[in-house]
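Heads up, the thing below is written out as structure tokens.
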Amino acid sequence: MKIFGGVPLRGEVAISGAKNLALPALAATLLTEDLCTLRNIPDLSDIASMLDLLNHLGMSIDRCGPNSISLRSSVIKSITAPYDFVRKMRASILVLGPLVARCRKASVSLPGGCAIGARGVNLHIKALELMGADIAIENGYINASAPNGLFGCNINFPISTVTGTENILMAAVLANGTTRIINAAMEPEVAAFADLLIQMGAKIDGHGGSIITIEGVDSLHGTDFTILPDRIEAGTYAIAAAITNGRIILRNCKYNHLMQFFETLRLSGIESKVITKTSENLDDVEVYRAEDIRPVDVQTAPYPGFATDLQAQFTTLMTICNGTSSITENIFENRFMHVPELARMGANISIHGRTAIVTGRKQLIGTQVMATDLRASVSLVLAGLMANGKTVVNRLYHIDRGYENVDQKLLACNAKIERFTV
Ligand code: EPU
């Protein structure tokens, strides 16, 4: 993407459905033979990857509207998630729980490392073993079998894991007896995911909190479910408004999912206010810079803490603050890949272990930079939108994993950008 920086972004951005809810929701349709319809599914390459995998497993898939998909897995033709699918997208691990629950066996390629860290799946495996599955790691695959089904038990996650909690929710809804997940992930996507399972007939209590209780049932049924808005996308466009000294209205987001984030923005001089509440309980939020950007120290943490998925974007914002800010990444060990690229644009950042110290300057200077992962790619686009002159972000395809229609959304806010392929 070629970006001519320095133009204040003004306009409206309709927030898309949350990728990190849509992915487990698609996987959850493996739990029933019935037809499921999922709405507000964002058009992203990660969603396409998940649909390819589900199709490989035997799912029939129909697009029944611009962002609506009908899925039915009357029969599961394969219980194997091959390496070629999993290497493209780690969230493929989300088919492990439902396959073991429904078919009593599964073979899922180990995801391996990724750009932002090692990201093990040991906690998913250990929890399934506690529920009675026999698991062997063979030739790079997790081979799980539970010939007598899974059994409810207490699962105490030593660290909060989002997809781990979701996988065990899916395993537990069809297990014999009661499962208690202790130190469950409390992200809004996890709570909404439990709501989807409840709509399919599951018995779940305590979701949204740190202890979730699931009473196994014999079967689940089909449903029609709408994915909630993507809080990370909303937070990203909020920073786009602030960093360019513009004003953006985020249409159809959930303000309360971003409360802490907007509070952090407020501390740095950026205002956000709900201007309309829709009948679906969604909010239109106006975001603009009210003062010079002040330094704010942040530490990433599981929800309701500062989201790791907004850390790269916030780091970019801090490159033009009037002081020094410290940003600590506590979730992933390698999530500062954007920092050397921002430094090439003139940012003053040094990394000390898990902490980046950012000393602001007036403006960054456009140049060629390289995206390494989804959130790093968007943080470089944000840098380009604010920088003096022309920025070219290479390997931008990472952005299509998590930002629907990003070019059109930015262009609609007057951004001077051009996407091209070399
Ligand atoms: N972890 C383990 N073992 C496990 C599971 C997790 O060591 O078995 C560690 C991870 O390595 C990490 C920490 O626990 O250090 C938390 O990881 P978590 O499992 O919560 O991450 P995830 O489920 O793989 C989801 C999102 C990520 C988001 C994280 C944290 C999806 C599909 N992905 O990943 O989203 O960063 O939670 O909130 O929901 C993104 O959208 O850019 C993205 C990376």
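All residue numbers refer to positions in the sequence shown, counting from 1. Counting starts at 1 for both ligands and their atoms, in listed order.
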| field | Nearest protein heavy atom with distance in Å, relative to atom 7 (O) of ligand 1 | value | N122 OD1, 3.8 Å

| query | ligand 1 and R90, any nitrogen or oxygen pair closer than 3.5 angstrom? | reply | no

| remark: shortest atom 24 (O) of ligand 1-to-protein heavy-atom contact is with R119 NH2, 3.0 Å

| task | Tell me, please, whether Y403 has K409 positioned over its six-membered ring: NZ or CZ under 6.0 Å from the ring centre and within 45 degrees of its axis? | result | no

| said: Below 4.0 Å, non-hydrogen atoms only: which portion of S160 touches ligand 1? Side chain, backbone, both or neither. | reply: backbone

| said: Which residue and atom name correspond to the protein heavy atom nearest atom 15 (O) of ligand 1, and how close is it? | reply: I331 O, 2.6 Å

| remark: At under 4.0 Å between heavy atoms, what of E189 touches ligand 1? The answer is neither

| note | of all protein heavy atoms, closest to atom 43 (C) of ligand 1 is D309 OD1, 3.4 Å

| remark: For atom 23 (O) of ligand 1, the closest protein heavy atom turns out to be T163 OG1, 2.6 Å

| task | From the options K126, R375, R401, select the one whose nearest heavy atom is closest to atom 41 (O) of ligand 1. | result | R375

| Relative to ligand 1, is L374 under 4.0 angstrom through side chain, backbone, both or neither, heavy atoms considered? | side chain

| message | Pairs of nitrogen or oxygen atoms closer than 3.5 Å, one from L123 and one from ligand 1: do any exist? | response | yes

| field | Side chain, backbone, both or neither: the part of R335 lying under 4.0 Å from ligand 1 by heavy atom | value | side chain

| request: For atom 19 (O) of ligand 1, find the nearest protein heavy atom and state the residue, atom name and distance (0.1 Å precision). | output: T161 OG1, 2.7 Å

| task | Write out the residue and atom name of the closest protein heavy atom to atom 9 (C) of ligand 1, then the distance separating them to 0.1 Å. | result | I159 CD1, 3.7 Å

